[in-house]
Amino acid sequence: MVIIIAGAQWGDEGKGKVIDLLAERADMIVRPQGGANAGHTVVTEDGEFKFQLLPSGILYPHVTCVIGHGVVADPRVLIREIDQLRERGIEPDNLVISERAHMVMGYHPVFDQLEEGVRGDDRLGTTRRGIGPAYSDKIRRIGFRIGDLQKEAFMRKKLDFVVGQVKNPILTDLYRDRTFDWEEMLAEYRDYAARLNPYIRDIYPLVQDALDRQANILLEGAQATMLDLDLGTYPYVTSSNTTAGGALTGSGIPPTRVDLSLVVCKAYTTRVGYGPLPTELTDSTGDQIREKGTEFGTVTGRARRVGWFDGPVARYAVRVNGAESMALTKLDVLDALPEVGICTDYEFRGRVHDHPMANISHLKHCSPRYVNMPGWQAPIGQCRTWDELPTKCRAYVEALEGVAEVSIDLIGVGPRRDQFIMRKRSFFG
Ligand code: IMP
């Protein structure tokens, strides 16, 4: 069985936790896109683990964890995460890195920083991990793939060209910034090659074999629908396709082999960085949700913007990802509120819109229309079945199902691994 997992909003929905839950019965987990801009936190009996690049299933030795073609991987981050696991007594023998995945090179975060700087007030609020510059180079066909680490003569020639002819002239002539020494880089990347060689493979046979065996495969999307390069709030997006389509190209799994698309959605909305957020709460209710939900970025530490549940966004995510199922996370964060808002649609210049408009200026200036529901004002962290949830809480979840037009099958009621309600569907049979 193949399940695609995608974020429904602007990221940080708690996909890592949902994947961790499903990983127990998975054989393979593929991270198809994104890079060290993502941050997953998994809390186990052994404490808290934070990953940026390694797939969340890495803690299960029986799961083959694949970094797919569509990822831009910073070798320094990869090595750091592998070392961190080793320090805690975990050997990541189950890790495989596609030789087709691209590398975030040393100069990419520098360009990310410089480009954000010159944008001034129009900056995107990127994570400054070099994601946009690395994907741009991939598309310009001057990127380095992980597999290139195994070809020193090729690396030498290409570094000479890319660093000497493309990057350094821009750094000196345009930005008056530091330059890179390609020979030093070659030595540095030789070390990375030695460390990463055991994990680098052509993943095509591996993935095809898993499909042939009818293995349970999870495609772990990073970021989320509204940050998708094509479907999100461009230009306030990340530089990859974060929706179901990106999961396919990033893993090499054909659409005809996907059994289920599952979107992960918070019981409210958050966003890091700039760009429209129609249901944003800038009042004390927003502060309360931010504090209770610890809405501060895993990667950058930035405070996340917070808002009510955005129905048009959730419905759009369900439709563009072809999702038949939704995991609703962090419902417990709303426990104390006397009233909870659900945005059903937007109004802009006298017209009602049931989905996020492509024109982000319209999205920024639209008026969300809400239904307000009474809060349940009771702690739900101990609930493990649907029936144990307070009636008003169930009514809220049912209202979200109606607005998003999807079945909510998993409900997160706290940060721990066991704080989940498995409602209608049992995944992987
Ligand atoms: P970039 O991916 O670093 O280029 O950042 C582009 C936009 O995507 C910024 O608004 C980031 O805050 C946002 N972003 C990137 N990755 C994540 C994530 O994992 N969670 C939430 N927002 C993200």
Side-chain angles (χ1 to χ4, degrees), residues 5-19 31-42 50-56 70-74 77 81 102 104-105 108-117 119 121-139 220-243 246-247 250 263-266 268-277 280 290 293-307 310 313 317 329-330 360 363-364:
I5 299 197
Q9 299 154 314
W10 279 275
D12 311 311
E13 293 92 351
K15 294 178 290 293
K17 208 182 140 208
V18 172
I19 287 154
R31 242 200 88 175
Q33 42 70 230
N37 48 350
H40 304 293
T41 308
V42 180
K50 286 185 193 290
F51 303 116
Q52 288 175 21
L53 274 173
L54 296 185
S56 309
V71 170
V72 286
D74 188 329
V77 178
E81 294 192 356
H102 275 246
V104 170
M105 304 295 283
H108 286 138
V110 173
F111 275 98
D112 205 349
Q113 185 96 12
L114 290 168
E115 285 166 16
E116 278 285 87
R119 280 191 193 113
D121 287 346
D122 290 330
R123 66 190 179 280
L124 306 174
T126 73
T127 59
R128 306 196 177 204
R129 295 295 186 274
I131 305 301
Y135 276 118
S136 312
D137 280 359
K138 172 179 174 175
I139 287 171
E220 174 184 356
Q223 291 85 44
T225 304
M226 298 308 289
L227 290 172
D228 184 282
L229 186 57
D230 293 297
L231 293 159
T233 46
Y234 189 88
Y236 299 98
V237 291
T238 191
S239 296
S240 63
N241 285 115
T242 57
T243 43
V263 286
V264 184
C265 191
K266 262 184 217 179
Y268 49 94
T269 310
T270 62
R271 162 160 221 176
V272 212
Y274 304 101
L277 181 60
E280 185 160 12
R290 183 178 305 105
T294 47
E295 296 296 354
F296 301 90
T298 338
V299 178
T300 58
R302 289 181 289 179
R304 296 178 186 141
R305 297 155 67 195
V306 168
D310 188 324
V313 162
T329 55
K330 295 189 126 177
I360 58 161
L363 198 56
K364 188 172 171 194

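Note that ligands are numbered from 1 as they come in the structure, with each ligand's atoms numbered from 1 the same way.
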Task: Residue, atom name and distance, where the atom is the protein heavy atom closest to atom 12 (O) of ligand 1 - done: R302 NH2, 3.1 Å

TODO: For W10, counting its heavy atoms only, list the atoms of ligand 1 lying under 4.0 Å from any of them.
DONE: 21 (C), 22 (N)

TODO: Could you tell me whether some N/O pair between T127 and ligand 1 is separated by less than 3.5 angstrom?
DONE: yes

Task: Closest to atom 6 (C) of ligand 1 among N37, T233, V237 (heavy-atom distance) - done: V237

TODO: Can you figure out which of V72, L227, V272 has its heavy atom closest to atom 23 (C) of ligand 1?
DONE: L227

- [ ] Only counting residues at least two apart or in another chain, list the ones meeting side-chain contact (heavy atoms from CB on, under 4.5 Å) with P276.
- [x] T233, Y236, R271, I360, L363, K364

Task: N or O pair under 3.5 Å between T238 and ligand 1 - done: yes

TODO: Using a cut-off of 6.0 Å, state whether more than 12 heavy atoms not belonging to F296 lie near its atom CZ.
DONE: yes

Task: Side chain to side chain, H108 and D137, heavy atoms closer than 4.5 Å - done: yes

Open item on the list: Among all protein heavy atoms in this structure, tell me which lies nearest to atom 20 (N) of ligand 1, with the distance rounded to 0.1 Å.
Closed with: D12 OD1, 3.1 Å

Open item on the list: Can you see whether T243 engages D228 through a side-chain donor-acceptor pair at a distance of less than 3.5 angstrom?
Closed with: yes

Open item on the list: Can you pull out every salt bridge (charged side-chain N to carboxylate O under 4.0 Å, His left out) where at least one residue sits in residues 10-19? Sequence neighbours excluded, please.
Closed with: D12-R304, E13-K15

Open item on the list: Are the side chains of T329 and V18 in contact, using a 4.5 Å heavy-atom criterion?
Closed with: yes

Open item on the list: Out of all atoms in ligand 1, which are within 4.0 Å of some heavy atom of G125? Include the element for each.
Closed with: 9 (C), 10 (O), 11 (C), 12 (O)

Open item on the list: Are the side chains of V313 and W10 in contact, using a 4.5 Å heavy-atom criterion?
Closed with: yes

Task: Candidate with minimal heavy-atom separation from atom 17 (C) of ligand 1, of H40, Q223, R304 - done: Q223

- [ ] Tell me which protein heavy atom sits closest to atom 5 (O) of ligand 1, plus the residue, atom name and distance to 0.1 Å.
- [x] T126 CA, 3.4 Å

